[in-house]
Amino acid sequence: MGSSFHTFLFFMQSYLTSQLLRVLSEMEGVPVDFKPEFEQPASTEHGDLASNAPLKLARFLKRAPRQIAEDLSERLRALPLDPDRIKTIEVAGPGFLNFRYGTAYLFSGLEKILSEGSNFGRAERGSKGTAIVEFVSANPTGPLTVGHGRNAVLGDTIANLLSWTGFDVTREYYFNDAGRQMRTLGQSVKARYLAAVDPDISTKTIDSDGELITVPECFPDDGYLGEYIQHVASELFEKHGDSLVSSDSAIFKDAAEKRIFEEIKTTLGRLGIRMDSYFNEKDLYEDNKVWEIVESLRELDLAYDSEGAVWLRTKKFGKEKDTVLVKSTGEPTYRLPDIGYHIDKISRGFDLIVDVFGADHIATYPDVVNAVKALGHNTDSIDVVIYQFVTLVRKGKPVKMSTRKAQYVTLDELMDEVSEDVTRFFFLMRSANTHLEFDLDLAREASDTNPVFYLQYAHARICSIIRKAKEVGFTFSQEADFKLLTHDSEEALLKELLLFPDVIRRAAESREPHRISNYLREVASQFTQFYGQCRIIGETPDLASARMDLARASKNVLRNGLSVLGISAPEKM
RNA sequence: GCGCUUGUAGCUCAGUUGGAUAGAGCGCUGGAUUCCGGUUCCAGAGGCCGGAGGUUCGAAUCCUCCCAAGCGCGCCA
């Protein structure tokens with residue numbers, strides 16, 4: 001089964017830590033709780049793994065760091081270190097200890113990549129407990145937009161990462177089909193329906209971001225102008241004729257909601273996203289749960305009445321102002337059910353609760369977490385991932401977008417234009433924390449300037465080599481002798497491949513999928529360098545099979561990595 | 001005005017949680033290649049890491065103050 005708990009780096013670091021501690025225990029002046037640290041040097045000249053222990057120890061031992069480094073390296077050599085694992089120790093720079101891996105250990109890693117196949121880099125399911133990732137969570141008022149797309153892809157990939165590192169993951173979509181937004185939706189549909197029934201209905205013009213639009217007289221001022229509203233309306237007209245003219249707008253709301261939700265699910269499906277559960281905010285109002293929360297907050301003096309509304313004392317959480325929890329109409333603002341929702345998730349016993357929110361929530365989500373905490377719940381398991389907004393760029397200029405009105409690019413349109421794989425990748429190739437500039441011209445390009453194709457091409461090329469070998473009937477030796485892999489590019493590639501489980505782990509822990517895309521680019525690059533310098537077919541059977549195994553291992557890592565990102569790994573392009 | 005986030009090569013962005021000479025892709029300049037897929041590879045130019053202080057052996061990274069951008073700031077979510 002999976003290996004990621006005992007990753008290659010983990011093995012090396014714990015081995016070197018134990019050996020270093022052994023040596024340090026014989027030296028005077030070393031603090032008892034001293035823990036050596038390791039890092040992967042930026043430059044290969046500095047070896048495979050480096051420790052700054054001598055630098056850290058300088059102030060305790062009152063000796064020059066380099067001197068300490070020399071001393072330590074002498075003592076480590078005298079142990080001696082296992083040459084299969086560590087080939088060389090060097091003292092360098094201001095006092096670093098640089099270690100280089102032994103090839104025997106690298107080759108056992110290669111065997112592992114091949115034998116674990118699609119599980120390489122994956123930890124045992126459930127070994128870390130359970131996690132819930134809440135994402136998308138758009139209310140069904142219209143098609144998903146590009147902004148939702150970033151949320152969806154980010155959430156789904158974080159869920160993948162958590163699953164790969166051993167969590168049993170639930171993907172949840174939280175929505176609200178009550179409230180003002182949805183009423184407006186119903187009214188918008190009804191107005192369009194009435195216009196379909198009676199084409200001569202009186203109209204008015206409204207201003208939408210400077211554009212004048214003609215709508216029926218009864219169309220709500222902040223109504224939804226998207227074309228899909230008219231689709232739903234004309235469907236209702238075709239089906240029911242004019243029999244709904246005097247119906248309540250709730251019927252129209254329900255019809256629109258059902259239709260829109262189906263479309264949302266279809267859109268998510270195109271991206272390969274399947275939710276495990278849909279949580280309707282409405283359910284929180286059963287058993288009076290949310291009202292009990294208000295009472296509890298009152299008892300804690302965190303809620304009070306004023307101007308006919310109930311207020312949350314966010315000032316106590318360090319905010320400048322208090323905020324409304326229940327409107328004077330008696331309707332809660334989103335904060336209250338959100339508090340209830342998080343308490344619900346905590347009570348469902350998840351070990352990790354991840355929320356994926358847009359930058360517009362950045363200032364408000366702490367209120368929710370603080371309230372949950374004040375109510376006596378442990379909020380340590382809650383982790384909020386915030387992503388910045390997306391700007392579509394065409395021909396170097398930003399594409400204008402206005403979410404509420406008719407003028408926006410839907411996620412479906414984006415996928416139609418640049419494909420599902422490219423959409424996912426572009427959302428994942430930058431850290432969530434930075435503004436994403438989505439260059440449509442670059443995304444459409446099927447060349448090496450487009451990073452997705454670079455990765456997929458490397459995979460397809462390996463598949464092609466395998467096919468070719470079969471075609472020409474090339475014979476490999478039974479068992480590959482990895483010792484024949486002596487070329488620099490072979491060793492560099494193998495070392496890169498072995499990092500995969502660690503990259504997965506770190507990306508999962510920091511909830512940063514972009515680390516995977518960066519890493520895969522590196523793998524693809526290392527592979528093409530190897531490919532450029534070393535031939536496979538045509539070499540002696542021994543060398544060819546060793547290299548073929550290295551190529552297969554590369555294919556395995558590329559495929560596993562792409563599958564974490566939810567992107568296809570084509571055999572041909 | 002206040003809060004959060006961000007500021008790194010011409011452009012888009014990484015930067016292993018404080019390490020060594022700050023990197024990649026694109027673009028630009030120059031080269032390579034009879035080949036298992038030219039959707040390739042190599043080299044070069046390009047930087048006051050927004051600015052100024054501070055912390056220490058060591059700062060793009062941590063602290064303070066400025067400057068700029070994005071998001072938010074009592075009954076939208």
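Note that the coordinates shown come from a computational prediction; the quantities given were computed from them, not determined experimentally. In the text below, chain A, chain B and the rest are named by the order of the sequence lines, each starting its count at 1.
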Answer with base, sugar-phosphate or nothing: what part of the nucleic acid does A/His435 contact at a heavy-atom distance below 4.0 Å?
sugar-phosphate

Any base atoms under 4.0 Å from A/Ala460, or only sugar-phosphate, or nothing? Heavy atoms, all strands.
base

For B/rA24, does either OP1 or OP2 sit under 4.0 Å from a side-chain N or O belonging to A/His514?
no

Would you say the rings of A/Tyr341 and A/Tyr174 are close, in the sense that their centroids are separated by under 6.0 Å?
yes

For A/Ser328, answer base if it contacts any base atom (sugar-phosphate contacts may also be present), sugar-phosphate if it contacts only those atoms, and nothing otherwise; contact means non-hydrogen atoms under 4.0 Å.
base

Scan A/Met429 against the nucleic acid and name what it touches under 4.0 Å (heavy atoms): base, sugar-phosphate only, or nothing.
nothing

So which of residues 522-541 of chain A are in contact with RNA chain B, with a heavy-atom cut-off of under 4.0 Å?
A/Thr528, A/Gln529, A/Tyr531, A/Cys534, A/Arg535, A/Ile536, A/Ile537

Rounded to whole Å, please give me the gap between CD1 in A/Ile68 and P in B/rG19.
19 Å

Check the distance between B/rA22's C1' and A/Glu39's CD and give it to me in whole angstrom.
14 Å

Base, sugar-phosphate alone, or nothing: which one does A/Gln388 contact when heavy atoms must sit under 4.0 Å apart?
sugar-phosphate

At 4.0 Å (heavy atoms only), tell me whether A/Lys319 reaches a base, stays on the sugar-phosphate, or touches nothing.
nothing

Rounded to the nearest angstrom, tell me the gap between atom CD1 in A/Ile386 and atom C1' in B/rC71.
10 Å

A/Leu520 CG - B/rA14 P separation (whole Å)
16 Å

May I ask you to say what A/Thr314 touches in the nucleic acid, namely base, sugar-phosphate or nothing, with a heavy-atom cut-off under 4.0 Å?
nothing

Over 60° means perpendicular and under 30° means parallel, so tell me whether A/Phe438 and A/Phe426 are parallel, tilted or perpendicular.
tilted

What string of B, S and - do you get for nucleotides 57-62 of chain B 5' to 3' if you count protein non-hydrogen atoms under 4.0 Å?
B-----

Once the angle between the rings of A/Trp311 and A/Tyr304 is folded into 0 to 90°, is it parallel (under 30°), tilted (30 to 60°) or perpendicular (over 60°)?
parallel

Nearest-Å distance, CG (A/Leu57) to P (B/rU56)?
19 Å

One thing to verify: whether A/Glu331 and A/Arg183 come together as a salt bridge, which I'm taking to mean a side-chain N less than 4.0 angstrom from a carboxylate O.
yes

Sugar-phosphate, base or nothing in reach of A/Ala469, heavy atoms under 4.0 Å:
nothing

Is there a stack between A/His46 and B/rA20, judged by ring centres under 5.5 Å and planes under 30°?
yes

Determine the contact category for A/Ala309: base if any of its heavy atoms lies under 4.0 Å from a base atom, sugar-phosphate if only primed atoms, P, OP1 or OP2 are that close, otherwise nothing.
base

Where does RNA chain B form stems of at least three consecutive Watson-Crick or G-U wobble pairs, each pair having both distances below 3.5 Å?
B:1-7 with B:67-73, B:10-13 with B:23-26, B:28-32 with B:40-44, B:50-54 with B:62-66

May I ask you to test the A/Phe530-A/Arg547 pair for a side-chain heavy-atom distance under 4.5 Å?
yes

